[in-house]
Amino acid sequence: MKNVLIIGATGQIGTELTMKLRGMYPNGDIVAGYIKGAEPKGVLAESGPSAEVDITNPNQIADAVEKYKVDTIYNLAALLSAVAESRPQLAWKIGVGGLYNTLEVAREKNCAVFTPSSIGSFGPETPHDMTPQDTIQRPQTIYGVTKVTGEMLSDYYARRFGVDTRSVRFPGLISYVAPPGGGTTDYAVDIYYSAIKGETFKCPLHAGTFMDMMYMPDALRAAVEIMEADPSRLVHRNSFNIASMSFDPEIIYNKIKEYVPDFKMEYVPDPLRQAIADSWPNSLDDTCAREEWDWKPEYDLDKMTRDMLSHLRVKLGVAEAEMAL
Ligand code: AKB
């Protein structure tokens, strides 16, 4: 990787991935691709090039690839699971139409492509505990349908045209930098904000709803390491199960309470998010990622919680004495 285009660079993952890649490849062009209305700001705008790249517009992708001699594309454009249910046609247009546009440019201009899949690519018939790498994928959400289609289309472009496509199935991602938006796992980010602000957290999912989650530094490392992996070791491509922790609302709440003893939570279920979460796995088996490219997470729930709380305290300007970290 030297010259990289990040499509969706101002989103939850893109904001941090762009900065990480700029730090790792100071001699390359790491291009922040954005859509109108979501232009890069601050350090993201100042630390490197950016280009308007709407994934539904193949010419904009091709122009940025040409201008910056891009060799690798990170395709991070998507509507997350809950919001996608209210706009399924747009979710397909971005998730599948946008991926097709990206793969076609990659085929013509010889780029590698990373497109994240998700725990949302699984469905109710999938084994829920320690979900295997290769298993039944019959998701019931449009988000999941676009993710399974994306996995298959990416594998097709690798097999048929030799495009170097690679991917991981992200769990819910937790970060203090850019907020997620419209996902089923967003509660696991929101709960930290409530704890720091001294608010009672209204949890949209029932106790006992387990899902895989991951701290953003591990997710970013996975996105880089899979693209740098030795291709001769890869049996799989699109897409690898990766995992670091699985918890339900009670477990994360009690963990935060260890550091914010007065923190309160109440359950205010959201039927849509609950139905989606119930159809997803409780935990993934990431043996293949560990064996094929040495994947290993660094953060567990306790380490992530301490880091999240101390960064959010600074971000939200809450005095240190008010918290027992
Ligand atoms: C969502 O909740 O939609 C995403 C995901 C697990 O892919 N965070």
Side-chain angles (χ1 to χ4, degrees), residues 8 11-17 74-88 90-92 94-96 98-99 114-124 126 128 131 137 139-151 154 167-193 203-206 209-220 222-223 226 238-249 252 269-284 286 297 299 304 308:
Q12 189 204 13
I13 306 172
T15 306
E16 291 184 66
L17 183 64
Y74 278 87
N75 162 22
L76 305 178
L79 292 191
L80 292 185
S81 54
V83 78
E85 287 307 308
S86 62
R87 308 186 73 185
L90 183 62
W92 179 266
I94 294 172
V96 179
L99 172 60
F114 173 90
T115 306
S117 186
S118 161
I119 54 173
S121 68
F122 297 109
T126 303
H128 269 38
T131 300
Q137 288 178 280
Q140 290 188 339
T141 61
I142 187 66
Y143 178 69
V145 171
T146 66
K147 288 302 179 191
V148 177
T149 308
E151 291 188 11
S154 298
S167 168
V168 296
R169 294 180 182 133
F170 277 138
L173 299 183
I174 297 168
S175 157
Y176 57 86
V177 180
T184 303
T185 58
D186 295 8
Y187 91 90
V189 177
D190 301 340
I191 192 171
Y192 286 104
Y193 279 83
C203 185
L205 301 177
H206 298 307
T209 308
F210 279 81
M211 285 185 287
D212 262 314
M213 302 280 179
M214 184 174 287
Y215 200 32
M216 190 60 89
D218 275 337
L220 299 178
I226 180 64
N238 303 281
S239 176
F240 281 93
N241 282 2
I242 55 169
S244 60
M245 62 186 97
S246 168
F247 53 74
D248 81 329
I252 186 171
D270 169 343
L272 172 65
R273 284 184 166 79
Q274 187 65 52
I276 295 175
D278 287 344
S279 76
W280 287 358
N282 299 333
S283 61
L284 299 192
D286 62 359
Y299 285 85
M304 173 179 79
M308 274 296 281

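Index from 1, following the sequence. Read the numbers this way: they start at 1 and go in the same order the structure lists the ligands and their atoms.
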Asn238 versus Ser167, closest heavy-atom pair with distance
OD1-CB, 3.3 Å
Residues at least two apart in sequence or cross-chain that pass ring-ring contact (aromatic ring centres under 6.0 Å, His included) with Tyr215, listed by chain then number, are Tyr299
Name all residues meeting the ring-ring contact (aromatic ring centres under 6.0 Å, His included) criterion together with Tyr143; count only those two or more places apart in sequence or in a different chain, and write none if there are none.
none
List the atom pairs, with distances to 0.1 Å, where a side-chain N or O of residues 75-82 and a protein N or O form a donor-acceptor pair under 3.5 Å, not counting sequence neighbours.
| unit_1 | atom_1 | unit_2 | atom_2 | d |
| --- | --- | --- | --- | --- |
| Asn75 | OD1 | Ala77 | N | 3.3 |
| Asn75 | ND2 | Thr115 | OG1 | 3.4 |
| Ser81 | OG | Thr184 | N | 3.2 |
| Ser81 | OG | Thr184 | OG1 | 2.7 |

Could you pull out every protein residue that has a heavy atom closer than 4.0 Å to ligand 1, ordered by chain and then number?
Leu80, Ser81, Ser118, Ile119, Tyr143, Gly183, Thr184, Thr185, Trp280
Are side-chain N/O atoms of Gln137 and Ser121 paired as donor and acceptor at under 3.5 Å?
yes
Decide whether Gln274 and Thr209 meet the rule of one side-chain donor and one side-chain acceptor closer than 3.5 Å.
yes
